[in-house]
Protein chains: 2
Amino acid sequence: MAKITAIIDIGSNSVRMTVFKRTSRFGFYLLKEIKSKVRISEGAYCNNGNLQPVAVDRAICALREFLNVAKAYKATKILCVATSAVRDAPNRSDFILRAKREIGLNIKVIDGAKEAHYGAVAALNLLYVKDAITVDIGGGSTELALIRNGKIEELCSLNLGTVRLKELFFDNSLPMEQAKNFIRNELGKIPSCFKSATIIGIGGTNRAIADAIMEIERYNVESIHGYEIDLAIKREFFDRLIECKTHKLKNFKIKPERYDVIREGALIVTSIVDLVGASKIIASGSGVREGVFLSDLLRNQNTKFPQNFNPSVKSLLDRFCDNEEEILYIRKIAIDLFDVLSPIHTLDKEFARYVSIASKLVNIGTKLSFYNHRHHGFLFVLNSLEYGFSHYDRLLIAMIVKYHGRRFGGFDDDKFLVFCKHNEVIIKWLSIIITIAETINSDMSSPKVSFSYKEGVLYIQTYSDLYICKEKLKNILKEVALRVEFIRVD
Amino acid sequence: MAKITAIIDIGSNSVRMTVFKRTSRFGFYLLKEIKSKVRISEGAYCNNGNLQPVAVDRAICALREFLNVAKAYKATKILCVATSAVRDAPNRSDFILRAKREIGLNIKVIDGAKEAHYGAVAALNLLYVKDAITVDIGGGSTELALIRNGKIEELCSLNLGTVRLKELFFDNSLPMEQAKNFIRNELGKIPSCFKSATIIGIGGTNRAIADAIMEIERYNVESIHGYEIDLAIKREFFDRLIECKTHKLKNFKIKPERYDVIREGALIVTSIVDLVGASKIIASGSGVREGVFLSDLLRNQNTKFPQNFNPSVKSLLDRFCDNEEEILYIRKIAIDLFDVLSPIHTLDKEFARYVSIASKLVNIGTKLSFYNHRHHGFLFVLNSLEYGFSHYDRLLIAMIVKYHGRRFGGFDDDKFLVFCKHNEVIIKWLSIIITIAETINSDMSSPKVSFSYKEGVLYIQTYSDLYICKEKLKNILKEVALRVEFIRVD
């Protein structure tokens with residue numbers, strides 16, 4: 001597997017390239033994203049799907065420069081897929097040959113089912129749900145995949161896209177009812193098994209809507225990936241958006257570059273929501289390009305990461321952790337402590353998972369600066385623990401990183417105070433547990449210890465002085481209803 | 001030079017170790033700091049300076065664990081210096097031999113002049129002033145160095161320290177006047193050439209006071225290093241602190257672990273301020289340990305970094321930048337643009353320095369996450385561009401990083417809005433200049449270009465399409481009084 005891989009996706013609206021960097025066998029992160037609003041489908045829908053010369057010229061220009069970028073990153077693998085507009089074009093081979101001849105790019109045209117499959121691969125591996133329908137709305141087509149119990153069960157592709165709707169109906173000022181009829185007709189092709197409470201929203205339209213709602217709500221986690229839209233509350237936002245005049249889109253916090261096709265997109269979303277009976281949309285920052293990348297990365301793995309492997313945790317550690325031995329020790333001790341202290345923290349066993357992940361990440365902030373490293377670690381986790389975690393998970397782990405390692409004296413967050421108050425007991429105890437584990441390892445010698453707990457006292461059996469540990473712990477455990485006693489064994 | 005170096009400093013109050021990691025020949029950052037409040041001087045001042053057995057035991061315990069930490073980091077060089085309490089102790093050789101025998105540590109006792117020298121080396125190389133007096137207040141002694149025109153001119157060491165004052169006067173409840181007499185007597189040893197408007201405050205006392213004032217002022221740059229205390233305004237804070245009862249120190253935002261010696265420290269500071277005629281204290285996060293480290297690192301360099309070299313910029317790039325060619329190009333283009341556009345931005349030539357540094361750092365945030373990378377870059381710069389820059393410099397560069405690369409539509413900072421408004425023209429133009437430079441390199445091919453400017457129009461002479469550049473620039477330069485025209489040369 002190449003260390004740097006560039007994936008290009010020639011959509012009907014935009015051409016995009018994502019550059020991924022592998023940091024270890026399965027650890028990776030997104031290095032660069034670049035797009036050009038080529039709109040290769042321009043004029044095609046009124047010309048029997050044929051790509052128009054001006055649009056093809058634009059695509060070649062943009063792709064040539066994309067390849068320069070890939071070269072600058074020393075990408076050793078470049079995979080390029082083309083979707084709806086190109087696959088529907090009777091004259092597609094002219095374009096493909098020209099790309100090959102003029103810029104040396106191999107374009108692979110994928111059918112709708114494959115496109116739906118890639119979206120589902122991304123969602124399954126990079127989000128955190130096992131039952132959902134992925135909905136990837138593009139300029140020319142919309143792809144759906146039914147995921148049940150962690151498996152991709154059905155795929156479906158519709159000739160329904162934002163640019164297509166715009167050019168066929170909105171640009172010609174045809175009545176909304178005609179557009180709705182067209183949509184209804186296309187939706188009829190969706191198999192009846194496509195029913196789910198959860199939609200995973202992929203593609204530019206879904207991202208733009210999530211982004212807008214997040215801004216209106218002044219939502220504080222600055223990440224679209226994993227943002228959940230509760231339709232019981234937000235459905236009317238979609239309806240008002242569809243009917244909105246262009247000059248008022250600003251009030252909906254839609255970005256200007258999306259003005260031209262956002263209403264078409266919202267109309268497609270709501271139509272599908274109604275059909276499949278969804279009550280929630282989870283926005284996905286990942287889509288076809290991630291799906292192509294993962295299908296290549298995990299080609300000998302049945303397109304799945306190894307069990308208990310998380311690519312974000314791994315790549316954060318690869319990038320920012322210099323001392324693996326330390327984190328293995330802290331994690332082991334912290335998990336022991338979580339068990340031993342269960343009578344006092346009374347948290348459900350499932351929270352051991354957070355102890356395990358947070359204890360790996362507690363010190364990644366030191367790569368930026370030792371001072372305030374807990375706060376940096378908090379930001380690192382919040383911004384970069386992206387794949388496989390809900391926003392709740394990310395925030396909780398980020399808070400544990402932030403509040404560990406010092407006396408717990410309440411929260412100093414302005415932005416996330418409500419979240420912290422709601423989860424006070426969890427954040428407090430999990431950070432205290434990790435703090436004790438880390439403090440036991442103050443001299444970083446991974447000392448042998450064992451624990452027992454009785455009536456408010458944690459007994460730590462030790463085989464060495466733990467001099468600095470004792471000095472620190474005295475201070476840290478003030479104001480906590482837990483005493484520590486050391487039993488020295490020689 | 002070792003890649004990981006640990007420096008231990010056995011002070012009268014605390015024993016501390018700092019672990020530095022070199023990222024390239026002269027690039028380095030602080031990996032770890034650990035301290036134990038051993039107070040090796042305890043009981044010594046009332047016993048003719050002799051180190052007491054209990055205190056020595058504590059020191060050996062702490063140092064043993066420090067060495068474990070150094071080992072865990074695979075430090076290949078460990079340098080240990082001991083200052084006032086040990087050098088004054090008639091029985092110091094017992095301690096030194098014991099450390100050698102029991103834990104294999106070589107302790108080098110340094111005299112007061114050497115100690116003052118190390119503080120000055122740190123200040124000269126890691127702060128940004130060429131004329132100042134460094135004042136390093138310790139538990140047993142206080143060291144001063146006179147720096148003039150970037151050179152260390154005079155050194156001076158006084159038997160005046162916080163623990164010493166505490167044990168000799170405060171613990172015995174002797175009248176304040178006796179302590180002041182003692183101080184006056186010691187200050188008499190300072191050569192009369194020690195006059196300066198600027199004091200650089202080194203050591204725990206100075207850090208604790210800066211920290212307290214920053215908290216009271218709700219100061220937003222979370223970094224003591226480089227924080228400036230204007231004595232015209234803050235002098236009375238010191239005076240009130242000296243007279244304050246212990247139970248009220250909390251109101252002064254002094255941390256509990258400093259309660260015991262903070263008044264003694266403040267008394268020493270103000271006495272020296274008055275004597276040398278200082279109007280400003282610049283807090284230094286660096287001191288003797290950094291001085292020892294730098295003296296070793298720069299031993300063939302006359303204890304100076306190469307000209308125009310900055311260790312923070314270099315180590316940020318070493319840690320977080322993967323594409324050196326890109327930043328060299330952007331920097332060159334940005335500096336050209338700064339010159340060509342001088343009729344429109346009208347900024348002084350000195351600001352070219354910020355263009356040069358900011359353009360190197362614009363993309364370091366992508367190492368954390370491509371999305372929001374400008375905001376991450378902002379935080380990276382603010383927290384880690386520590387050495388050699390004032391807080392003003394850091395904030396300005398951080399803001400340029402934050403606001404570059406997109407349409408400039410005003411500031412969205414809550415915390416730093418006042419700063420931004422004050423520096424609006426600078427931030428706006430320098431970020432626009434870097435944005436244009438970066439956008440020209442959209443395809444990362446470092447395209448050949450040249451510039452001219454006339455009446456509100458920037459003419460860019462190009463030899464290639466710059467297709468993506470043109471697409472982006474159109475959007476970015478909206479709302480700026482600058483048009484761009486491309487002249488294609490074949």
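Residue numbering restarts at 1 for every chain, and letters A, B, ... go by the order of the sequence lines. Note that these values count all heavy atoms, side chains included, but never hydrogens, waters or copies made by symmetry.
Of the residues considered (A/Lys472, A/Lys35, A/Arg58, A/His225), A/Arg58 shows the highest number of contacts with chain B, using heavy-atom pairs under 4.5 Å. For the set A/Asn363, A/Ile364, A/Leu466, the count of heavy-atom pairs under 4.5 angstrom toward chain B peaks at A/Leu466. The residue among B/Lys32, B/Arg64, B/Glu33, B/Lys37 with the most heavy atom pairs within less than 4.5 Å of chain A is B/Glu33.
Note that the OG atom of B/Ser445 and the CG atom of A/Leu67 stand 12.0 Å from one another [nearest 0.5 Å]. Atom OG of A/Ser369 is separated from atom CG of B/Leu31 by 11.0 Å, given to the nearest 0.5 angstrom. Here the CZ-CZ distance, from B/Arg319 to A/Arg319, works out to 15.0 Å after rounding to the nearest 0.5 Å.
In this structure, chain B has a heavy atom under 4.5 Å from the side chain of A/Ile34, while its backbone stays farther away. When heavy atoms are compared at a cutoff of 4.5 Å, B/Phe380 approaches chain A by way of both its backbone and its side chain. For B/Asn372, the part lying near chain A is the side chain, with the backbone staying farther off; criterion is any non-hydrogen pair under 4.5 Å. Contacts of B/Glu471 with chain A are made by side-chain atoms alone, with heavy-atom separations under 4.5 Å and no backbone atom involved. With a threshold of 4.5 angstrom between heavy atoms, B/Glu386 approaches chain A through side-chain atoms but not through N, CA, C or O. Looking at A/Ser442, only its backbone comes within 4.5 Å of chain B, counting heavy atoms on both sides.
Under a cut-off of 6.0 angstrom, the local environment of NZ in A/Lys470 is crowded, with over 12 non-hydrogen atoms contributed by other residues, nucleotides or ligands. The local environment of CD in B/Glu325 is sparse, with at most 12 non-hydrogen atoms from other residues, nucleotides or ligands closer than 6.0 Å.
Distance alone, capped at 3.5 Å, is enough to place a donor-acceptor pair between the A/Glu65 side chain and the B/Ile468 backbone. A/Ser384 places a side-chain N or O within 3.5 Å of a backbone atom of B/Leu368 that can act as its donor or acceptor partner.
Across every non-hydrogen atom of B/Tyr29 and A/Lys367, the tightest pair is OH-CD, 3.8 Å. Between A/Tyr467 and B/Ser36, the shortest heavy-atom contact is CE2-OG, 3.5 Å.
Residues A/Tyr73 and B/Asn323 have side chains in contact (heavy-atom distance under 4.5 Å, counting atoms from C-beta outward). The shortest side-chain heavy-atom distance between B/His376 and A/Leu379 does not fall under the 4.5 Å cut-off. Proximity of A/Met444 to B/Lys71: side-chain heavy atoms (C-beta onward) are nowhere separated by under 4.5 Å. In this structure, A/His375 and B/Asn383 have side chains that are not in contact, with every pair of non-hydrogen atoms separated by 4.5 Å or more. Counting heavy atoms from C-beta on, the side chains of A/Tyr371 and B/Leu30 come closer than 4.5 Å.
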Could you give me the CA-CA distance, side-chain angles and deciding distance for B/Lys21 and A/Asp322, then say whether salt bridge (Lys or Arg N to Asp or Glu O under 4.0 Å) is met?
-> CA-CA 11 Å; B/Lys21 179 171 181 170; A/Asp322 289 325; 3.5 Å; yes

